[in-house]
There are 4 protein chains.
Amino acid sequence: MTDSVKPRARGADKRRRLAAAAAQVLHEQGVERTTLADIARAADVPVGNVYYYFKTKDELVRAALSEHSTRLDEITAGLDELPDPRERLKALVAAWVERREVAARLGCPTGTLAVELDKRADGVLDAAAAAVIRRLLDWAADQFRALALPDPDALAVTFVSAYQGMSLLANALRDPEIMTREGARLTAWLDSLEARAG
Amino acid sequence: MTDSVKPRARGADKRRRLAAAAAQVLHEQGVERTTLADIARAADVPVGNVYYYFKTKDELVRAALSEHSTRLDEITAGLDELPDPRERLKALVAAWVERREVAARLGCPTGTLAVELDKRADGVLDAAAAAVIRRLLDWAADQFRALALPDPDALAVTFVSAYQGMSLLANALRDPEIMTREGARLTAWLDSLEARAG
Amino acid sequence: MTDSVKPRARGADKRRRLAAAAAQVLHEQGVERTTLADIARAADVPVGNVYYYFKTKDELVRAALSEHSTRLDEITAGLDELPDPRERLKALVAAWVERREVAARLGCPTGTLAVELDKRADGVLDAAAAAVIRRLLDWAADQFRALALPDPDALAVTFVSAYQGMSLLANALRDPEIMTREGARLTAWLDSLEARAG
Amino acid sequence: MTDSVKPRARGADKRRRLAAAAAQVLHEQGVERTTLADIARAADVPVGNVYYYFKTKDELVRAALSEHSTRLDEITAGLDELPDPRERLKALVAAWVERREVAARLGCPTGTLAVELDKRADGVLDAAAAAVIRRLLDWAADQFRALALPDPDALAVTFVSAYQGMSLLANALRDPEIMTREGARLTAWLDSLEARAG
DNA sequence: AATGAATGAGTGTTCATTCAT
DNA sequence: GATGAATGAACACTCATTCAT
């Protein structure tokens, strides 16, 4: 019974598999060094079939960004369960630190994608990457606002900027401990904000 | 007189022009989207001649990194004229903020190069990029050490991480003002360190 | 009532719609630049369903030719109502001139198809195109024969050749007036034949 | 001595060889059915090298048209040696008839190219094809004008139209004799013009 | 009879790199 | 030292055709 999946479902499944594979492989190899065949192989889909779901490589990149955006939404939705906004922010930092090995190997998925896409002349896909980052900024600003801190938008920029900076350095130096140390510093900063606000 | 430049000198000049052009064009377009022809054109050197000076494209990338490293050395050498290490650090921040338009358009030259090169499997060129970043880290650590602050290496990581983070965000969001605001925050942080150190 | 069309009829209808769409789209875009999807879309038939009616693209091309042949038969059948064979020929020329805008934009449907299909190595479909042209030649020869003119077959060739030539030029130069002027010349020629025959 | 061709000459030679091969192969197979590899093979040039001389396939098509234009110029230049304009026109007809086997197999090079290119939406290359046809029209009009015949431009259209029409029919019906018969008729028409002009 | 999905061979084009002179 | 030309291995993308249901 459960085996007899409808074609519809199978098609949607393949699309999702391709998007997930794109997110993964593009994070690992970057946009330009990744071929469609790479993504197709990772998704176990024949190359020719990819185009049935995504008309261009750029659409696959967009799907990968969307995938990252969804994953971010899931994370923040989980954090929203916590009662205290500051605890939410600290929990996010903890999650980043937990993934330090990946960060050291590949950097932040969205951040590195944004860097590569920003080099393009067209300015279409980099806007999509910026949108994902903005989504994180908005969520962080919401937390700072809930904490009644002054200028929550600027605090959000500082917060996300710190994450991107430590991810980039951890990646460039291949040192996951940078995530640990800078994560601790960021947590301390979050704690110190309460005092200032008071 | 001026006409009779020695072949040697002319050759060295071409090499330098190629390296400078590589630094510039690779910063603008990224490694993968830049062709050798792009660099050759920017340096006003025939394509076939490039290989006389650089055996592979990767060597040109390495030369671009070396160019960025040299530029960094020049900057820090200038800053070393200042008597106070904290003033040196603050002056560097000021220089970063001054270049905010470039940062918003293209990001940090070394940082974006490092991100792109880290996606490579070989791990040869990304080490070269890491070396440039490490050079900046070392200089910053020297200043913190001169200020007799505890754990100067960690402070240097925080300092450079902040720069990379704000450059990445300014670039991704195409907002130079992020450089201004985060630069001010970074300067305040540098000032606050004195108190703690005391 | 109108809803309860028999499946048979609906199938035949789809077939006809596909053939008509093929005739139209192939005239507009040519054989090689037209995809099956183009024709399916124009006929409002799902792509996968096309193959139920036509096993290959070539069969669709054949159907388009057949469509043009049918249309030609309808026209000549209409002309056959006229009592005088010469008037029939002149009426055909008038019909061609009337369609001058289409001729200037797309050329003669059969003629342009024949040109494209003649480039093929197989020599299967171009025979089908030739058959349509021959049908026109035969009809024209019949008229010349009915006029008791010498060598009606050669006259038919001259007649059709003039039509193809002026269509090609009108199309290539995008000038519908060529149809008008050459049509007038052709009509005058038809009139002049009577005299010679006497 | 003659063997030591300069690189320059060899490069230009290759370009010419490619253009000639393009003219030939495109005439034989049509634009859409001809691959770059086909042309490269015919010119005995590696595929990758084609792009050193022609940036796109369309440029090769343009070169083929230019080749046909040049060939036409050579022919008309030869005919211009004849003292009588009418003899020139008749000699051209004779040349067409002489090539009847090619016409029956492949049609007029420029005419068939124009037909295929006219199906394109862009309207760039078909203008180039039209230009070649117009060159022939202009030359023919010059002859009619030299004969002091009324409306030489219209006569030129009739003349070229007849050529295109008979080429198309000869090609579609694979009958070279159509060229012979229609050529004779065209010659008679040219002769008859004198009388009328008188 | 109907159709969304699958497939793979093929096409134009790019580009780092090499070569001949 | 210098350079125009050569080369071939990719790669993104297309499309006729087939298949499973």
Rounded distance (Å) that lies between atom [atom2] of [N] and atom [atom1] of [X]:
X	N	atom1	atom2	result
F54(B)	dA2(F)	CZ	P	13 Å
E59(B)	dT17(E)	CD	C1'	13 Å
D44(B)	dA2(F)	CG	C1'	14 Å
L18(B)	dG1(F)	CG	P	13 Å
D13(B)	dG1(F)	CG	C1'	15 Å
D38(C)	dT14(F)	CG	C1'	12 Å
N49(D)	dT7(F)	CG	P	6 Å
Y53(A)	dA12(F)	OH	C1'	19 Å

[atom1]/[X] to [atom2]/[Y] distance, rounded to the nearest 0.5 angstrom?
X	Y	atom1	atom2	value
L60(A)	E67(A)	CG	CD	11.0 Å
R120(A)	R33(B)	CZ	CZ	4.5 Å
H27(B)	K119(A)	NE2	NZ	4.5 Å

**Request:** Look at the side-chain N and O atoms of K14(D) and state whether any lies under 4.0 Å from the OP1 or OP2 oxygen of dG4(F).
**Result:**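 Answer is no, no contact under 4.0 Å.
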**Message:** With a 4.0 Å cutoff (strictly under), does any side-chain N or O of Y52(A) reach OP1 or OP2 of dA5(E)?
**Reply:**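 The answer is yes; a side-chain N or O of Y52(A) sits under 4.0 Å from OP1 or OP2.
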**Message:** Between the side chains of E32(A) and K57(A), is the shortest nitrogen-to-carboxylate-oxygen separation below 4.0 Å, so that they form an ion pair?
**Reply:** no
**Asked** Can a salt bridge be assigned to the pair D58(D) and R62(D) using a cut-off of 4.0 Å between side-chain N and carboxylate O?
**Response**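 Here D58(D) does not pair with R62(D) in a salt bridge, since their nearest N and O are not under 4.0 Å apart.
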**Set of side chain to side chain contact (heavy atoms under 4.5 Å, CB included) partners for Q24(C), sequence neighbours left out** =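 Scan of Q24(C) (side chain to side chain contact (heavy atoms under 4.5 Å, CB included), adjacent residues dropped) gives E28(C).
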**Message:** Among V47(A), V25(A), L26(A), which residue satisfies the side chain to side chain contact (heavy atoms under 4.5 Å, CB included) criterion with D38(A)?
**Reply:** V25(A)
**Request:** Report the residue from L125(B), L65(B), D118(B), D126(B) that forms a side chain to side chain contact (heavy atoms under 4.5 Å, CB included) with L113(B).
**Result:**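 Exactly one pass, corresponding to L65(B).
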**Prompt:** In dot-bracket, 5' to 3', how would DNA chain F read with Watson-Crick or G-U wobble pairs under 3.5 Å, [ ] for crossing ones and | for pairs to another strand?
**Reply:** .||||||||||||||||||||
**Item:** Ring-face cation contact, F54(D) with R15(D), 6.0 Å cut, 45° max
**Value:**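 Yes, R15(D) and F54(D) form such a contact.
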**Prompt:** With the sugar-phosphate defined as primed atoms, P, OP1 and OP2, and the base as all remaining atoms, what B/S/- string results for nucleotides 9-14 of chain E, 5' to 3', for protein heavy atoms under 4.0 Å?
**Reply:** --SSBB
